Amino acid sequence: MFFKPIIALMAMVVGFVSAGAVSYPRPSIYNKSAHFSLKVNGTDMYTVSYAGFDYVHLSMDEGYPTEFRIAVTDQKSVDTYYISPRNLSIEATKQGKELVFSLTEAQYLIVKINDEKEFVIMVDPAEVDVPDPSADGVYNVLDYNADDSGKSVTKGIQDAIDAASKKPGSTVYVPPGLYQIGNLLIRNQTSLYLAGGSVLRFTGNPSDYKTLYSKSDIGPGTWWIQTEFGSTDIKVYGRGTIDGNGYNTRKNKFMADLLVPVGTKNFECDGIIVRDSSFWAVTPIQVHDALLTNLKILDRHDVTQNDGVDVVESQRVTVRRAIAIANDDSFSAKTWPYKVGTTVPYPYSPKPQYDILFDNCIAWTTCFGYKIGQGVWEVQDNVTFQNSVVYDGGVGIGIHHEFGSETASNITFENIDIEHLHGTPGGFGTWLAVYVQDSHEGVGPVTDVTIKNIRARQKGARNAFIQGHNESSIVSGVTISDVYMYENTTAATTLEEMTAYNTTWSKDIKIINS
Ligand SMILES: *[C@@H]1O[C@H](CO)[C@@H](O)[C@H](O)[C@H]1NC(C)=O
Ligand SMILES: *[C@@H]1O[C@H](CO)[C@@H](O)[C@H](O)[C@H]1NC(C)=O
Ligand SMILES: *[C@@H]1O[C@H](CO)[C@@H](O)[C@H](O)[C@H]1NC(C)=O
Ligand SMILES: *[C@@H]1O[C@H](CO)[C@@H](O)[C@H](O)[C@H]1NC(C)=O
Ligand SMILES: *[C@@H]1O[C@H](CO)[C@@H](O)[C@H](O)[C@H]1NC(C)=O
Ligand SMILES: *[C@@H]1O[C@H](CO)[C@@H](O)[C@H](O)[C@H]1NC(C)=O
Ligand SMILES: *[C@@H]1O[C@H](CO)[C@@H](O)[C@H](O)[C@H]1NC(C)=O
Ligand SMILES: *[C@@H]1O[C@H](CO)[C@@H](O)[C@H](O)[C@H]1NC(C)=O
Ligand SMILES: *[C@@H]1O[C@H](CO)[C@@H](O)[C@H](O)[C@H]1NC(C)=O
């Protein structure tokens, strides 16, 4: 049996349009927020209490204004508020303890009220193609004795995947519940569907996992949920949660990448929450053709090296409509050396990375919001970050060429709103860092960079960099247009106005405002 999510049907005219907001049952291991409640069109949503921020996840039908009513449950009134993405210009009204606004489209929002922690509201579009657990070709994990109570470490999900893989094109269905699992291998041409209210949980106990690699500064680690090498057409989707239990895992001197599409083609990921990673959370590695959408990564700010999405040595990967909250980089693109540390389990020799697109993303980090690097051990060409937001970060956007001697080329940052910056990760702390750093592991060139329509509402703790290292590692061909510093309505016309004073070993920097 699977229980139905609460469906709020409001303003229903009999025989007319029924619109809905769907709140997913709060998994038993999470508590509700002690600070906020949320009503959507009058119906209470399941909030979740978390470290550093609280959150709520729902899906809604789009196209009609839907009322969002947040209450601060532990304070007398809403005095000040801030809603990110700021550029959405959401008009809200304060009504005593409540903040009220309306959304017509699904959005990911970060809301700050008074001095409360942030409240992250993640609204997805209504789910389409939900598998019917009783249909042919759908393998319900409960039929494979999966323990949905979280009391034991269960093999049932892997057993269901193994069975499903015998019939290519099948789907494994995970109903709401708590599943503690070891390493999971998603097989060729098999999909994994996580229903809203389901949680796959990492135990945090190293002995439950295969050690696949070791990183000198952290220790041994694993790929928790990975695709089979040489596979095609794998999809991970639904509205469920992959919970890395990362804070505890790192206390146990272990780490894990949580969702690892690796050595696979035509991969899709849609709609899931990935939280509390103990290392890089979602890492397409040596993947060809992938689409990751409606992805919500909720890492803790007090666990280090827990990047959101790292695309590694892959081609034609698109990340669209995603939020990544992390201590380390929210969204980055990297290439690495052969069989060293974390690359030991990679299936193939190093691959160049090209045609990577990050579109419509939200970053909240203490490191880089959107970044190439630090590894440029193989070529990285045609990587674009666009239509995106940095709620807060150490560095807004950048290319940090620190490891490897290859070229980063045709890199574009376009339509990016940098709302807040703080701190100086790795000595930086700026809205823009294009920088070749010599750490005795190679230096290399950066060519053809486009920086277009960027708003830097803050400049960061330090000034901007567009700087190479020497003759063999020049930053060349940087075209900058429409960079708006602070709240200016006219674009900056000089590098100095953009605080980019450090420009040694760079050439052909052009500012062309529209
Ligand atoms: C909320 O209510 C309005 C009418 O009052 C309706 O148009 C809209 O579709 C509803 N939204 C949802 C998600 O139910
Ligand atoms: C939930 O609340 C209970 C009671 O306050 C507490 O013991 C428990 O640690 C909390 N769990 C989480 C995950 O915050
Ligand atoms: C996966 O299936 C495709 C299509 O049948 C096939 O080409 C490929 O070799 C299979 N991969 C593995 C690892 O079995
Ligand atoms: C660059 O990558 C994008 C996908 O992100 C692709 O659509 C485009 O064709 C690529 N450009 C070139 C010149 O290959
Ligand atoms: C950059 O993109 C252009 C246009 O697609 C292409 O001709 C050029 O080879 C790329 N640069 C590098 C270094 O790959
Ligand atoms: C902010 O929104 C306005 C209006 O939609 C748009 O023109 C502008 O490009 C956006 N700015 C950024 C940096 O995305
Ligand atoms: C540039 O710097 C690197 C690293 O310090 C060095 O190995 C290389 O020889 C230098 N290249 C030139 C042309 O000076
Ligand atoms: C506009 O930008 C310049 C730097 O280019 C800065 O000195 C000034 O404070 C900005 N003005 C506003 C209103 O933000
Ligand atoms: C950046 O420029 C300033 C001023 O010219 C200089 O003092 C500083 O050393 C430069 N920083 C780096 C890392 O090159």
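Each ligand, and each atom within it, is numbered from 1 in the order the structure gives. These values consider heavy atoms only, across backbone and side chains, with no hydrogens, waters or symmetry-generated copies. Here the structure is a predicted model, which means the values were calculated and not measured.
Near Asn41, with a cut-off below 4.0 Å to any heavy atom, the atoms of ligand 1 are 1 (C), 2 (O), 3 (C), 8 (C), 10 (C), 11 (N), 12 (C), 14 (O). Heavy-atom contacts of Thr66 reach the following atoms of ligand 1: 1 (C), 8 (C), 10 (C), 11 (N), 12 (C), 13 (C) (cutoff under 4.0 Å). Close approach of ligand 1 to Gly20 is summarised as follows: ligand atoms under 4.0 Å from at least one heavy atom of the residue are 13 (C), 14 (O).
By the 6.0 Å and 45° rule, Lys334 stacks over the aromatic ring of Trp280.
Counting heavy atoms from C-beta on, the side chains of Tyr82 and Val111 never come closer than 4.5 Å. When side chains are defined from C-beta on, Val120 does not count as touching Tyr391, because their heavy atoms never get closer than 4.5 Å.
Heavy atoms of Gly63 stay at 4.0 angstrom or farther from ligand 1.
Here Arg321 pairs with Asp124 in a salt bridge; the nearest charged N to carboxylate O distance falls below 4.0 Å. Under a 4.0 Å N-O distance rule, the pair Asp54/Lys117 qualifies as a salt bridge. We find that Asp417 and Arg86 are not joined by a salt bridge, their nearest charged nitrogen and carboxylate oxygen being 4.0 Å or further apart.
Atom 11 (N) of ligand 6 has as its closest protein heavy atom Asn87 ND2, 3.0 Å. Remark: minimum distance from atom 9 (O) of ligand 6 to any protein heavy atom is reached at Asn453 ND2, 2.8 Å. Of all protein heavy atoms, the one lying nearest to atom 13 (C) of ligand 6 is Ile416 O, 3.4 Å. For atom 5 (O) of ligand 4, the closest non-hydrogen atom on the protein side is Leu357 CB, 3.4 Å.
Contact annotation for atom 7 (O) of ligand 6: protein absent (non-hydrogen atoms, distance under 4.0 Å). Inside a 4.0 Å radius of atom 3 (C) of ligand 6 there is at least one protein heavy atom.
Of the N or O atoms in Asn382, one or more lie within a sub-3.5 Å distance of an N or O in ligand 4. Distances between N or O atoms of Arg455 and those of ligand 6 include no value under 3.5 Å.
For Arg239 and Ser59, the side-chain atoms include at least one donor-acceptor pair closer than 3.5 Å.
Ala324 approaches Ser330 most closely through the heavy-atom pair O-OG, 2.8 Å.
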